[in-house]
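Keep in mind that what you see is a predicted model, and the values were worked out from it rather than measured. The analysis underlying the following values was restricted to heavy atoms, covering all of them including side chains, and did not include hydrogens, waters or symmetry mates. Labels below follow one simple rule: chain letters A, B, ... track the order of the sequence lines, proteins then strands, and each chain is numbered from 1.
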Amino acid sequence: MNATGEQPSSEPQQNDQQAFRYTGALAQQIELRWQDWWDEHHTFETPNPAGPLADPEALAGKQKLFVLDMFPYPSGSGLHVGHPLGYIGTDVYSRFKRMTGYNVLYSMGFDAFGLPAEQYAVQTGQHPAVTTAQNVANMRRQLRRIGLSHDRRRSIDTTDPGYYRWTQWIFTQIFNSWYDTDRKVARPIAELVAEFDAGTRPTPDGRAWAALSAAEQADVVDNHRLAYISEAPVNWCPGLGTVVANEEVTADGRSDRGNFPVFKRNMRQWMMRITAYADRLIDDLDLLDWTDSIKAMQRNWIGRSEGARVHFESAAGAITVFTTRPDTLFGASFMVLAPEHPLVAALTTDSQREAVEAYVRAAQAKSDVARQVDDKTKTGVFTGSYAANPINGAQIPVWIADYVLMGYGTGAIMAVPCGDERDFEFARQFGLPIPAIQQPPAAWFEQQGIAVQQGDALDTAAWPEAFTSDAPYVHSTNASLDLNGLDSIAEAKRRTNAWLAANGHGEATITYKLRDWLFSRQRYWGEPFPIVYDDEGMAHALPDSMLPLELPPTDSFSPRTFDPDDAMSNPESPLDRLADWAHPVLDLGDGPKRYHRDTNVMPQWAGSCWYELRYLDPTNTDRFVDPAVEQYWMGPQGDGHPGGVDLYVGGVEHAVLHLLYARFWHKVLFDLGHLSSKEPYHRLFNQGYILAAAFKDEREIYVDAFSVEERDGQYFSGGQPVTREWGKMGKSLKNAVAPDEIYEAYGADTLRLYEMAMGPLDASRPWETRDVVGMYRFLQRVWRNLVDEDTGALRTDLPAFDDATDRVLHRTIDGVRADMDAMRFNTAIAKLIELNNHLTKLGGCPREAADRLVLMLAPLAPHLAEELWRMLGNTDTVTYLDFPIADPALLVDDTVEVPVQVNGKVRSRIIVAADADQATMEATALADPKVQAALGGNAPKKVIVVPGRMVNIVG
RNA sequence: GCCCGGGUGGCGGAAUUGGCAGACGCGGGGGGCUUAAACCCCCCUUCCCGCAAGGGAGUGUGGGUUCGAACCCCACCCCGGGCACCA
């Protein structure tokens, strides 16, 4: 079976089986029919308040709900059963919310620029647009087959010029903005120029704005832009032939795509000034309903550290260090500079020159890979120079070492070896002094296995390691600052910072690990930059009227790649080769002139930075989104909801990259007045993964998981022993299960139910094809409890409705409603199965229970629910009907059975009125023979009664 | 090393957040239906002792708080994820 519309056979599969049993074949027939019906009736089209999709009547009186999946890359290999886990979750939730009165926006797009399509094009010579279109079409078909209730009018594809026209427009917005650090917002660049011109903002060198040449003015402006070109250390990956972002480099210094070595090289590249937003990206995490772990990962990545800059005077001028511990300045006994530090040459004395130059050369030749090996033995060289510690005037030696990184802080540190492990190790290695500035407690000395030292007897020569904890300061005093005896680090820092500022030796400051975002790639399959350069090399953004700037056709898609280890190679973009395209004649307002285009393309992340906004207003050709529509779906809500997508579901692998970049763009657009919410994704939910067993043979190569047999707990493939491990289902582990197999055997509703029943949505769980049958049997029983399997019509022999069934029904409604709302689909399903098991024992589903059972099933198994709903005599879709509501009166029983514990052990159960008071329950419990036996004739010392719940007797 | 999660039957997982541990599903055992099998229906299924009634143990380990702990506290052991020479 495939999903091209071929009709499944409805012939009975076994000779004597009923013609209308709910088999895989019948399920498919039902599903394909309803999928067509939904399309024909535009069932899932969601109204907007304004614009072409407007239907104000349809949304009147409803609350909005924006449910979003992280959109997929349309890969050529299609979906396996692991992919749609999150999509099924959002679909069930969306369907449930529609039945509880929400106007739900739910769609799906495709993140279709990127490497695989380009690499495939390089291999086959087929244009990536062609393969991408095929893959997108295939994926749409696959998603439709699962029964996902997407509004397909709103679907987007990032490679569609109608979409990337606005990606380019947003880029020009960012390019034409600067960050006002006083007001802490992005503002149009024209306002900056106006401030310079009016003299309300001083120019960098203090001259009047009008006195600057055009080139000088452009230079000042460029230095403020949020998107700017910079000659800066970037990650050059010769094996890929492109530069990549910091976030795309793995911990061992390789590209996350392709696993090639990455080298730090100075190159002219586009950057985005995301660092300007570092504080807001941290602070606004507090607005978000995200898990603590994702918030922690974002904070970690941004890496905010409060500390101080301190200036050390040397013969070569002031050396500025960054430290988070200015309070330990009295213990700074040497300095260490990164080998790349600009003052190294000036500091190096003749006698040390040879050694220093050799060390610097060696450090440069080391790739990041080599520099980050886990061997943390310290290396370094003395420059021959000294600098003055401002706090005590001591002349301390200046060294260089590669454990100090040029990319963080100022690229120079003050070393406080007594309190810092790295500095301690370095001092030991090179015999540098280690003055003590804190009095460690006796316990610490004991733990170190050395004699306790006090006061003037403190002698670090005996210490096996640095003392890194909190303890009172000693030897920390000069003429105007005294920290001795203090045991509050915060207070000591405060006093030292004040002293530094008062004496001009430094100031409190904040640094971040976050670097500006490297935004250009030397590739073909991405958004071209809407930027041209004039003869003077000045960059101009293309005006709106020239957008989209479409990717030019070519049959040469490949960037030039190099030997992966050739650090000194240089990038060549495929667009460079298109001479006509790259050198257009344009009129940018001062007559037709020849320009040359920027031949880079944007990174794949660009398209995913704003796609959710385009779902709102997908066909707008005047704006990227209509403000009225944006306000409705994304604006702050009256109930304290600060705005943004109401539920965003996706994998945890995007914890830093996509989520950080998208937040950044959103904030810029918010600052510029284009958006009404501070954050794009209010509630983030990370779904787990579907894991599957994978098997490796003795050569450590994965074997086809479906060829493996188990014998006595051992696994064999083709007679050879193999070892089992668990991994994310996928092609590379050779353990992917195609959804089509499951449809064929059971239908999509069973697949949906199985994936939702396996466990909580945020947990990863192993796929077991063997277990799928459980959900199939459940749906079969639901069907059989209502439908005559011989005729396919509603049964005429349904049992009578009774009070007990009524109570079970209402308890189920109550529980399922709560579970669905909290996205606990696994326990919702369990409750529906319990209800159905009760009905099975009755001999069928009483007509009085049928409607509500079917409606509760509708979000989970929508095709079956529609079919049964029709059979029950209705003509409308279940999609917008009210989800059943429990009658509170039927949720409480007249009597309850409660356990009676004696000394904490359950010894008996008693039946009491549900509203029995404590005294009654106590008396009933004490009268129980089993309880009396357990007490062994002793009088109870104490009786605890939880009304309606339990009794505990202490004997 | 640091920061997040998490450890419950043969397996996936429940447990209204301190109140009957093991819902629901898979698997397993038994029975019914059937000439027979499949399907379907019913019963049992945490472990140990016991024919049974019943008893004992039990939520990674050890301790603690509490009338009562899978849940809270302390210490530790494993597993998964993230970060890691970031001054």
Side-chain angles (χ1 to χ4, degrees), chain A residues 13-14 16-18 21 23 251 291-297 299-301 303 305 307 321-325 328 336 338 371-378 401-405 407-416 420-423 425-426 511-513 652-653 655-656 686 726 753-754 757-760 762-778 780-781 784 789 814-815 818-819 824 826-834 836-837 840-841 843 897-906 908-909 940-946 948-955:
Chain A
Q13 292 181 326
Q14 268 96 34
D16 61 347
Q17 189 174 294
Q18 288 90 339
R21 165 159 292 185
T23 58
T291 61
D292 288 342
S293 73
I294 299 282
K295 288 187 182 183
M297 282 163 75
R299 285 198 188 95
N300 225 317
W301 188 264
S305 301
V321 304
F322 171 74
T323 176
T324 56
R325 294 295 304 273
T328 63
V336 187
R371 221 160 134 168
Q372 290 187 13
V373 286
D374 36 5
D375 166 28
K376 295 196 173 152
T377 315
K378 297 286 177 289
D402 65 3
Y403 83 90
V404 175
L405 309 173
Y408 182 75
T410 62
I413 62 160
M414 62 180 211
V416 182
D420 182 283
E421 285 171 39
R422 294 153 303 175
D423 297 345
E425 209 181 305
F426 193 83
T511 43
Y512 304 88
K513 277 194 264 182
V652 70
E653 72 271 19
V656 209
N686 293 113
W726 290 95
L753 221 43
Y754 172 64
M758 288 163 87
D762 55 1
S764 292
R765 61 306 281 287
W767 175 270
E768 285 287 358
T769 298
R770 190 176 75 173
D771 291 356
V772 177
V773 72
M775 294 302 117
Y776 177 57
R777 288 179 190 149
F778 164 53
Q780 274 191 327
R781 273 193 283 261
R784 193 180 306 117
E789 294 190 319
D814 186 55
D819 284 348
R824 293 186 301 252
N826 54 332
T827 51
I829 291 168
K831 290 177 174 100
L832 286 168
I833 294 174
E834 278 182 275
N836 194 57
N837 288 348
T840 303
K841 285 203 177 72
E897 190 190 69
V898 300
V900 181
Q901 298 178 347
V902 177
N903 294 325
K905 278 191 188 304
V906 178
S908 184
R909 287 160 215 283
K941 290 191 185 117
K942 190 176 179 186
V943 180
I944 292 103
V945 178
V946 183
R949 282 284 240 246
M950 49 85 62
V951 179
N952 189 13
I953 299 164
V954 186

For the atom pair [atom1] ([X]) and [atom2] ([Y]), what is the distance rounded to the nearest 0.5 Å?
{"X": "A:Thr324", "Y": "A:Asp420", "atom1": "OG1", "atom2": "CG", "answer": "8.5 Å"}
{"X": "A:Ile829", "Y": "A:Ile833", "atom1": "CD1", "atom2": "CD1", "answer": "7.0 Å"}
{"X": "A:Thr291", "Y": "A:Asn686", "atom1": "OG1", "atom2": "CG", "answer": "5.5 Å"}
{"X": "A:Lys378", "Y": "A:Asp402", "atom1": "NZ", "atom2": "CG", "answer": "9.0 Å"}

Over all atoms of both residues, closest heavy-atom pair of [X] and [Y]:
{"X": "A:Asn826", "Y": "A:Pro760", "result": "ND2-N, 3.5 Å"}
{"X": "A:Tyr408", "Y": "A:Ser305", "result": "OH-OG, 3.2 Å"}
{"X": "A:Trp767", "Y": "A:Val772", "result": "CZ2-CG2, 4.0 Å"}

In whole angstrom, give the distance that lies between atom [atom1] of [X] and atom [atom2] of [N].
{"X": "A:Arg949", "N": "B:A15", "atom1": "CZ", "atom2": "P", "value": "14 Å"}
{"X": "A:Gln780", "N": "B:G25", "atom1": "CD", "atom2": "P", "value": "14 Å"}
{"X": "A:Asn686", "N": "B:G80", "atom1": "CG", "atom2": "C1'", "value": "15 Å"}
{"X": "A:Ile294", "N": "B:G82", "atom1": "CD1", "atom2": "C1'", "value": "9 Å"}
{"X": "A:Asn837", "N": "B:C43", "atom1": "CG", "atom2": "C1'", "value": "14 Å"}
{"X": "A:Leu832", "N": "B:G25", "atom1": "CG", "atom2": "C1'", "value": "14 Å"}
{"X": "A:Trp301", "N": "B:C3", "atom1": "CH2", "atom2": "C1'", "value": "15 Å"}
{"X": "A:Arg824", "N": "B:G25", "atom1": "CZ", "atom2": "C1'", "value": "19 Å"}

For B:U17, measure the glycosidic angle (O4'-C1'-N9-C4 for a purine, O4'-C1'-N1-C2 for a pyrimidine) and name it syn if it falls within 90° of 0, otherwise anti.
syn

Base orientation of B:G32, syn vs anti, 90° cut from 0:
anti

Which whole number of Å gives the distance between the [atom1] atom of [N] and that of [M]?
{"N": "B:C71", "M": "B:G60", "atom1": "P", "answer": "8 Å"}
{"N": "B:U66", "M": "B:C72", "atom1": "C1'", "answer": "10 Å"}
{"N": "B:G54", "M": "B:C4", "atom1": "C1'", "answer": "47 Å"}
{"N": "B:U46", "M": "B:G10", "atom1": "P", "answer": "10 Å"}
{"N": "B:G19", "M": "B:G56", "atom1": "P", "answer": "24 Å"}
{"N": "B:G29", "M": "B:C47", "atom1": "P", "answer": "14 Å"}
{"N": "B:G28", "M": "B:G82", "atom1": "C1'", "answer": "41 Å"}
{"N": "B:C85", "M": "B:C2", "atom1": "P", "answer": "15 Å"}

Establish, with yes or no, whether the OP1 or OP2 oxygen of [N] is under 4.0 angstrom from a side-chain nitrogen or oxygen of [X].
{"X": "A:Asn300", "N": "B:C4", "value": "no"}
{"X": "A:Arg777", "N": "B:C26", "value": "yes"}
{"X": "A:Arg781", "N": "B:C41", "value": "yes"}
{"X": "A:Ser305", "N": "B:A87", "value": "yes"}

Should B:C40 form a Watson-Crick or G-U wobble pair with both distances under 3.5 Å, which nucleotide is its partner?
B:G32

Which of B:A87, B:G19, B:C39 is nearest the side chain of A:Arg21? It is B:C39

Which nucleotide, B:C26, B:A23, B:U16, lies nearest any side-chain atom of A:Val773?
B:C26

Set of residues satisfying side chain to side chain contact (heavy atoms under 4.5 Å, CB included) with respect to A:Arg949, sequence neighbours excluded
A:Val946

Applying side chain to side chain contact (heavy atoms under 4.5 Å, CB included) to A:Gln780 and not counting sequence neighbours gives A:Arg21, A:Tyr22, A:Tyr776, A:Arg784

Hey, does the side-chain of A:Lys378 have a donor or acceptor N/O within less than 3.5 Å of a partner on the base of B:C85?
yes

For A:Val906 and for A:Phe322, locate the closest nucleotide of RNA chain B by heavy-atom distance; then report the residue assigned to the nucleotide nearer the 5' terminus.
A:Val906

A:Ser293 or A:Thr324, whichever maps to the more 5' nucleotide of RNA chain B:
A:Ser293

Passes side chain to side chain contact (heavy atoms under 4.5 Å, CB included), A:Met414 versus A:Asp423? Steps please.
CA-CA 9 Å; A:Met414 62 180 211; A:Asp423 297 345; over 6 Å; no

Qualifying residues under side chain to side chain donor-acceptor pair (under 3.5 Å), relative to A:Glu653, sequence neighbours excluded:
A:Tyr689

Heavy-atom count around A:Glu421 CD within 6.0 Å, excluding the residue itself: above 12?
no

For a quick check, with a 4.0 angstrom heavy-atom cut-off, what is the B/S/- contact string for nucleotides 55-71 of chain B, read 5' to 3'?
-SS---------BS---

Return a single string for nucleotides 6-14 of chain B, one symbol per nucleotide in 5' to 3' order, where B is base contact, S is sugar-phosphate-only contact and - is none, cutoff 4.0 angstrom on heavy atoms.
------SSS

Pull out every protein N or O sitting under 3.5 Å from an N or O of nucleotides 28-33 of chain B, one pair per line with the distance.
none

